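Written out below as structure tokens is the structure these notes cover.
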Amino acid sequence: SLILEEGTALYEHLDRYPALPDEDTERQMYDTACLRLADNGYHQYEISNFAQPGYACRHNIGYWTRENYLGLGLGASSLVENVRYTNTRQLYEYGEFCEHLQEKSPAEFLKDGEHAVPEDLWIGSCVQEQAQILTRKEQMEEFMFLGLRMNEGVTRAAFEQSFGVPIEAVYLETLRKLKEQGLLQMVAGRIALTDKGMDLANYVMAKFLL
């Protein structure tokens with residue numbers, strides 16, 4: 001939280017900014033925005049994104065469908081074959097690594113440094129500050145709470161193809177309760193948030209943490 005003392009420059013200018021809306025007003029603003037966007041040909045394809053047909057952001061969709069991606073630069077994150085990486089945020093360390101790439105192999109350089117990364121966890125051309133190998137349970141959780149951000153949701157077939165078991169073998173009770181609460185809809189093998197589920201998305205996502 002930010003505490004402002006009377007007499008500070010920022011305090012004196014607070015009256016220039018409108019007060020934040022209450023929850024009911026915020027809800028009305030969101031509903032109005034959705035209607036206006038729809039009227040102008042913008043389709044809501046993800047909780048916080050709209051696009052005209054054919055213009056949905058493939059970059060974001062890659063995150064929600066857990067495709068491999070490589071982040072380059074300070075503090076960038078990557079997901080490669082169920083391993084999540086975070087690059088160092090230290091500019092000198094990152095720059096030194098890049099300068100020496102042509103002098104040594106990446107594996108040799110990483111073994112020399114204070115923040116050495118195991119060779120089998122190294123991918124790309126950056127210094128990995130952290131590397132987390134996702135367990136099967138964590139992969140299932142991500143499949144659900146990332147996939148459900150999409151309006152089209154997830155499919156039973158994709159879950160079984162990814163993990164070798166039906167989704168009900170893992171989430172039967174969770175799916176049943178959320179459907180009874182009107183938060184999930186299940187049609188033709190597809191599981192997605194209802195409009196009410198969209199409003200309570202954080203609550204729904206938390207239910208898929210094993």
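This is a predicted model, so every value here is computed, not measured. Any value given below was found using the heavy atoms of this structure, including those in side chains, with hydrogens, waters and symmetry copies removed.
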Around atom CZ of Arg190, are there more than 12 heavy atoms from other residues, nucleotides or ligands closer than 6.0 Å?
yes
Can you tell me if CE on Met186 sees more than 12 non-hydrogen neighbours from other groups inside 6.0 Å?
yes
What's in the same ILVMFWY side-chain cluster as Leu37, cut-off under 4.5 Å, chained through other members?
Tyr42, Phe50
Please give the remaining members of the hydrophobic cluster of Leu20, linking ILVMFWY side chains under 4.5 Å, ordered by chain and number.
none
Taking only residues two or more places apart in sequence or in another chain, which ones pass side chain to side chain donor-acceptor pair (under 3.5 Å) with [X]?
{"X": "Asn151", "result": "none"}
{"X": "Thr135", "result": "Glu138"}
{"X": "Thr32", "result": "none"}
{"X": "Arg84", "result": "Tyr69, Glu142"}

Determine whether Arg136 and Asn82 satisfy the following criterion, side-chain hydrogen bond (donor to acceptor under 3.5 Å, both in side chains), listing intermediate values before the conclusion.
CA-CA 9 Å; Arg136 186 167 180 269; Asn82 290 312; over 6 Å; no
By side chain to side chain contact (heavy atoms under 4.5 Å, CB included) - contacts of [X] (at least two apart):
{"X": "Asp39", "answer": "none"}
{"X": "Leu74", "answer": "Leu91, Tyr94"}
{"X": "Ser77", "answer": "Thr86"}

Mind jotting down which residue pairs meet the side chain to side chain donor-acceptor pair (under 3.5 Å) criterion with at least one end in residues 157-175? Sequence neighbours excluded, please.
Arg156-Glu168, Glu173-Arg176
Can you pull out every side chain to side chain donor-acceptor pair (under 3.5 Å) where at least one residue sits in residues 199-210? Sequence neighbours excluded, please.
Arg27-Asp199, Gln181-Tyr203
Assess the residue pair Arg66 and Leu146 against the criterion (side chain to side chain contact (heavy atoms under 4.5 Å, CB included)); give the C-alpha distance rounded to whole Å, side-chain angles, the decisive distance to 0.1 Å, and a yes or no.
CA-CA 8 Å; Arg66 303 187 70 251; Leu146 293 177; 4.0 Å; yes
Walk me through whether Met140 and Val170 qualify under side chain to side chain contact (heavy atoms under 4.5 Å, CB included).
CA-CA 9 Å; Met140 290 179 176; Val170 182; 3.9 Å; yes
Please report the C-alpha distance between Ile191 and Lys179 in whole Å, then the side-chain angles of each, then the deciding distance to 0.1 Å, and finally whether the side chain to side chain contact (heavy atoms under 4.5 Å, CB included) criterion is met.
CA-CA 10 Å; Ile191 302 167; Lys179 184 179 180 182; over 6 Å; no
Between CE on residue Met150 and CG on residue Leu193, distance to nearest 0.5 Å
11.5 Å
In the single-linkage hydrophobic clustering (I, L, V, M, F, W, Y; side-chain heavy atoms under 4.5 Å), do Tyr30 and Leu183 co-cluster?
no
ring-ring contact (aromatic ring centres under 6.0 Å, His included) pairs touching residues 147-166, sequence neighbours excluded, are Phe143-Phe159, Phe143-Phe163, Phe159-Phe163
